[in-house]
Structure formats: C-alpha cells, structure tokens
Amino acid sequence: MTQAPDHAPKMARASLAHRVAPWLPLALVPVLAVLGLAAIPSLSSWLTLTISGLAMGMMIFIMASGLTLVFGLMDVINFGHGAFVSVGAFVGVTVLLMLGPMTGAPSLALNLAALLVAVIGAMLATGLMGWAFERAIVRPVYGHHLKQILVTMGGLIVAEQLIIVLWGPEEIYIARPEALKGAITFAGAALEKYRLVAVAVGLAVFLAMRLVLRRTRIGLIVRAGVQNGEMVQALGYRLRLVFVGVFMAGSALAGLGGVMWGLYQEVITAQMGNQAMILIFIVVIIGGLGSVEGCFIGALLVGLLQNYVAFLEPKAALISNIGLMVAILMWRPMGMIPVVKAK
Amino acid sequence: MSEPMLRLEGVFTNIAQYHILRGVDLEVPRGRVSMLLGRNGVGKTTTLRTVIGHWRAHGGRITLDGQDITAMPTPAIARAGVGFVPEDMGIFADLTVEENMVLAAVSGPIDSARLDWVFSAFPPLKTFWKSAAGNLSGGQKQMLSIARAMIEKRRLYLIDEPTKGLAPAIVATMARALRELKADGASILLVEQNFAVAKALGDTASVMDDGRVVWSGAMAELGRDADLQERLMGLSMEAR
Ligand SMILES: Nc1ncnc2c1ncn2[C@@H]1O[C@H](COP(=O)(O)OP(=O)(O)OP(=O)(O)O)[C@@H](O)[C@H]1O
Ligand SMILES: [Mg+2]
C-alpha cells in the first residue's frame, strides 16, 4: 500500500469554542480573584485573603488528589480518606516536637530540614497505613458502593479512636518553625510566610503529579485506567497492583496535607481529617471524579471563595462552597474536567 | 495436525444469573483466520471476553497453544500473547494516539519498523499521532484499536467486529490490514457480520447459536452453501 488511501485523513476542525472549553475551568480562578477584588474594599486585604485562599486551596488539593484517583481508577468511594489526614498530622507534629531544637532555631535551613523529616515520617506512616487500609478494608468490598461507604466510615472511626489511644483525647497545639513565623509585607499587605510556603509546596506537588501522569508509563496506565480499566488489563497491565500503588501514594499525600493543615491551624485534633472531608469531597466532585487537574482548580476555587466570603460575611463561608458546587454541577454535571469514561 | 493456537472445550459462561455460553467448542488453527459468526446476541462477544478473561468460564477449558489459560487473570493472558480488539474498541479517549500506542507496546519501547508497518496499513494514525484519540472519527478509532493489537507480535488476535458501522472504503482498509497481519503468521479469531469480508478473510468458521457452536468447518464451504447460511445465520439473499 503506497498511494494515499481514499479515506484521506480528515479531522473536523475543532471550533474555537470547542478548543477553548477545556481551559474554561482554569479561567475561573482569576475570574473569582477579580470578583473578590471588586467586592473587597482594600487592595491589601484582598491580597492577604487571596494568598490565604490559594494556600488553603493548595492544601485541600494535596489532601484530595489521591481520593479523586482512587475513585476514578477503581470506582471506590472512600469516606475514610480523612483518617490519613489526621494520622499524618499527628505523626508529623510528633516528629516536629521531637526535633524541637531544630524548629526553635532561627535558621531557615534547620527549620526546613526538621519539616522535611516530619513530612517524610508522616508520609511513610500514612502510605503504609494506606496499604493496610486497602487490603483489610477496601479490597473486600470492591464493586459495592454502599458497603464501601459503611466500611470506610468504620475505618475512619477506628483510626480516630486509635489516635486518641496513642496521643490522648486533647488537641495538641503546635508552633510553626521559627523562620516560618510571621509575615512579610508586600504592597502594604501582610503575607504570612507559612502560607507562601504552602502555595509553593502545593504547586510543586501538582506539577510533579502532572509530570508523572503525563510523562511516565505508570502515569499513562493510571490515566488510561481511569477511563477504561478493563482495556488496560487486556493490554497486559495488572491494574490492581497499580491501584494499590495509587492508594498508597494518595494516602501519603493526604498525610502530607495533614501536616501542612495542622501547622496552618497551629492545632491538631483526631477529628481534623473528618472535618476536612466536606471540603475534600466538594473539590473532588466539582473537579470531575478522577481528574487531577479538575481537583486542583476546584481546590483553588474553594480556598479563595472560602476566604473571601469569610471576610465579607463570616457565617456564609461553608454555604458559599456548597453554592459553588451546585453552580458548577449545573454548568457541568460531571464536574469541571470530566473524565471520559468507557461505557 | 498440530496443536491449535486456541481451543475452547465445553466452555460455560454465566453473566449474573443468565447462562450465556452453554458449552462452546471452538478451535483456532495456527496461522489461520477463524471466523466466529452467528446472529445478534448468540454469544460471540461473550466468547471473546471469556477467552481474554473479562468474564470467567464457569465450566470447560480454554487452552492457548496447549497452555491452560481458563483461570488466568486477564493481564497474564494478554502477556501470554493475546491481542484483544473489543467490540466497543476500548480507545483511551483522553490519551493521544501516540500514548494509546505506547501503552499497547507492553514489552517496551515501540519497535520502529513495526510502527512503520502499522502506519502503512493505517496512514491516518500517523497524521493524528499527537491528537487526542477521542477526536478521531469512528473509522480512525477502529484503526487505532487494531493498531494497538498489531504493534507487538502476538500469538493470537481476538477481534470483535472491526468493520461495524464503517464506510466501504474503510472496510477495505481493515480487510487489507487483517490480511497483512495473517501474512505475518498470526492466528486470528475474528467476529464479523459483513459476510463478504468473512468470506474474503476466513479460513475456517464457527457459527454460534444460543450460546453454542452449532457448525464449524471451512469458510469456503459455508460461503458456497446458501442453504446452510440461511439455516445457521438467517442470511437473506441481499446480505450475501
Ligand atoms: N453484561 C451483560 N449482562 C447481561 N447480559 C449480557 C451482558 N452482556 C451480554 N449479555 C447477553 O448475552 C447474550 C450474548 O451477548 P453477546 O454480546 O455475546 O452477543 P453477540 O453474539 O456478540 O451479539 P452481537 O452480534 O449483537 O454483537 C445476549 O443475550 C446479551 O443480552
Ligand atoms: Mg458482539
């Protein structure tokens, strides 16, 4: 076959609207920021709130990113995901407290080193816990949504009680490392250093995840598996093994999010993961189940909205996020970046 | 007669409470194209899905080149050298054509000579190499689905209705590609509703009815015998 085939390749030129559509959700973030600017009287308050909203969004993203992939890959609804947030926070904070001299020293390098050790400890613990959780709790209920909800909620309760057994029922207060305390002043606005670090870490996690998902074979398998797991297996890949890996990575990220969230609030409780689950679920749903990009954008929207509204009308903060969810689902019922599912 | 590439002996498959396959006996001889024919809903797709392991056989035995694969998990069956082109094509729509192909080459980087061969069979895939597979036309998606199976040499190809809903020109492209695949030494189990294509490609044929194989023999024999076709498949004159 040498000559051009009679069905010469043609692809309907995608209309402009069609090509822009996938990027629309991303544009919502600056749109929301501009709306915030219009509603908030002072530029410096707006800047402070925006950074704080982005920081919060990044942390929610880190906590939620694993959950969206777990759902997308194996259709598993995990109400126990918050357990990893709490456990991560307790392990991380415990390590930080043990490294008191390092966090107390006024040296950024020492502080960051202590933080790194704490984060690695928390991620190892929650990653392993994820492995056990998948084996003991999730695996027996594959394919049964109601059982998944019940059993994973049970897992969450057990985890919370274990935290209370190990660390006691009181909340633990934790000071941020010395060099991350306080704020820098920029354009008349006070920007907390810790929030800037949180934004940087969140961005780094997002970019790393994107890189893995786009540029590695394992990432390709995960993306393909979210769309059509059966076909991935028919090509010869052991999706179950990949899923366990994703579950562990997602749990470890939730653990990382827990440490960051704990330091952000400067207090940790056994219930903090459970409390974060409302926002995490909102973000996963509005992003589009299984979509890491959607989860990222959704988290930023939720973080920004929460902060703007809390400033303007404190009582309406949580309601505003539920309103956001309703609005987005009316616009795109499958979420902002819906995953194309087979069948 | 050497061991066939694929053999099903008395295979039973239930889906939920339904008994869909009720004792399927089937052989795909080495290096041959075996047609799997029959009316709608008789169990052709179910047979292919049972071979690849998407459904579990509840009874009977499936052997690939003599090796029992009845209870093997799907990925292991695939790695044993079975390429699968499902009825719905199973394209990863959010991935590019390239990414679909990279994934399909399970044993490592794509062999460039083999890729050239695939491109020569399906030129549009080269043109749209970097495009999202979801944006391909129906015919191009079907090409991609077959190309994914072709990109590595497999011992057996299971192909479910590759010409479904395609324009005649593309049907010819598919037929040409499958003939080349056969010339490459592959054994193929092919479900095909287009009887002209079946006649042109098939060496042997098995006709199913109600979850069983009710006739098997040479495709040429079936192709000649109008009464047999009428009786087995209810083919009317025009369909031939
Ligand atoms: N997931 C399922 N659940 C219940 N019944 C099913 C399922 N899949 C197939 N069946 C039933 O099994 C029978 C055989 O279906 P199958 O798809 O194997 O037929 P087929 O020969 O491939 O038909 P066609 O030519 O229309 O593709 C049909 O009666 C169908 O309704
Ligand atoms: Mg079928």
Side-chain angles (χ1 to χ4, degrees), chain A residues 1-15 18-19 21-22 69 72-73 143 210 213-243 288-294 334 337-343, chain B residues 49 52-54 73-86 88-95 99-100 102-108 120-128 131-137 139-140 143 145 148-149 152 154 158 166-170 172-173 176-177 180:
Chain A
M1 227 180 78
T2 47
Q3 122 233 31
D6 31 13
H7 54 271
K10 257 196 304 273
M11 190 184 286
R13 235 200 209 287
S15 67
H18 191 90
R19 270 181 296 164
L69 284 179
L73 260 188
R210 246 185 90 94
L213 286 172
R214 308 251 148 210
R215 294 273 175 269
T216 67
R217 181 170 289 253
I218 190 85
L220 279 187
I221 295 172
V222 170
R223 283 165 58 213
V226 169
Q227 295 168 55
N228 188 343
E230 208 172 53
M231 192 63 217
V232 169
Q233 303 196 55
L235 289 178
Y237 299 103
R238 294 166 69 187
L239 196 62
R240 292 295 295 273
L241 221 58
V242 174
F243 177 70
L289 297 166
S291 163
V292 169
E293 280 88 358
M334 303 300 289
I337 305 193
V339 171
V340 184
K341 277 266 182 195
K343 275 167 273 181
Chain B
R49 286 176 58 86
I52 194 70
H54 285 336
T74 298
I77 296 171
R79 297 233 176 209
V82 179
F84 181 51
V85 179
D88 66 7
M89 303 182 284
I91 294 300
F92 305 123
D94 282 352
L95 271 55
E99 288 169 333
N100 270 272
V102 166
L103 267 186
V106 279
S107 40
S120 73
F122 301 125
L125 297 184
K126 188 170 189 174
T127 314
F128 296 122
S131 310
N135 293 343
L136 295 175
S137 74
Q140 291 160 353
M143 293 179 196
S145 188
R148 279 195 317 202
E152 287 192 343
R154 330 260 182 204
L158 307 169
L166 301 186
I170 304 187
T173 303
R176 218 156 32 221
E180 282 198 30

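For a residue to count as touching a neighbouring chain, one of its non-hydrogen atoms must lie under 4.5 Å from one of that chain's; by this rule A:R240 does not touch chain B. The part of B:I52 that comes within reach of chain A is its side chain, from C-beta onward, which places non-hydrogen atoms under 4.5 angstrom from that chain.
Taking each heavy atom of A:Q227 and B:A93 in turn, the nearest pair found is OE1-N, 2.8 Å. Nearest heavy atoms, A:A234 versus B:A78: O-CB, 3.2 Å. The two atoms that bring B:F92 and A:L235 nearest to each other are CE1-CD1, 3.8 Å, heavy atoms only. When all heavy atoms of B:D94 and A:R223 are compared, the pair lying nearest together is O-NH2, 3.7 Å. Contact detail for B:V102 and A:R217: the closest heavy-atom pair is O-NH2, 3.3 Å. Across every non-hydrogen atom of B:G90 and A:N228, the tightest pair is CA-ND2, 3.6 Å.
Although no hydrogens or angles enter the test, the distance criterion places no donor-acceptor pair under 3.5 Å between the side chain of A:E230 and the main chain of B:H54.
Between chain A and the options B:A105, B:A172, B:A149, heavy-atom pairs under 4.5 Å are most frequent for B:A105. The candidate with the highest count of non-hydrogen atom pairs below 4.5 Å against chain A, out of B:L103, B:L125, B:T74, is B:L103. Options B:L95, B:V82, B:L158, B:N100 differ in how many heavy-atom pairs under 4.5 Å they form with chain A, and the most are formed by B:L95.
A:M231 is listed as a side-chain neighbour of B:R148, based on a closest heavy-atom distance under 4.5 Å.
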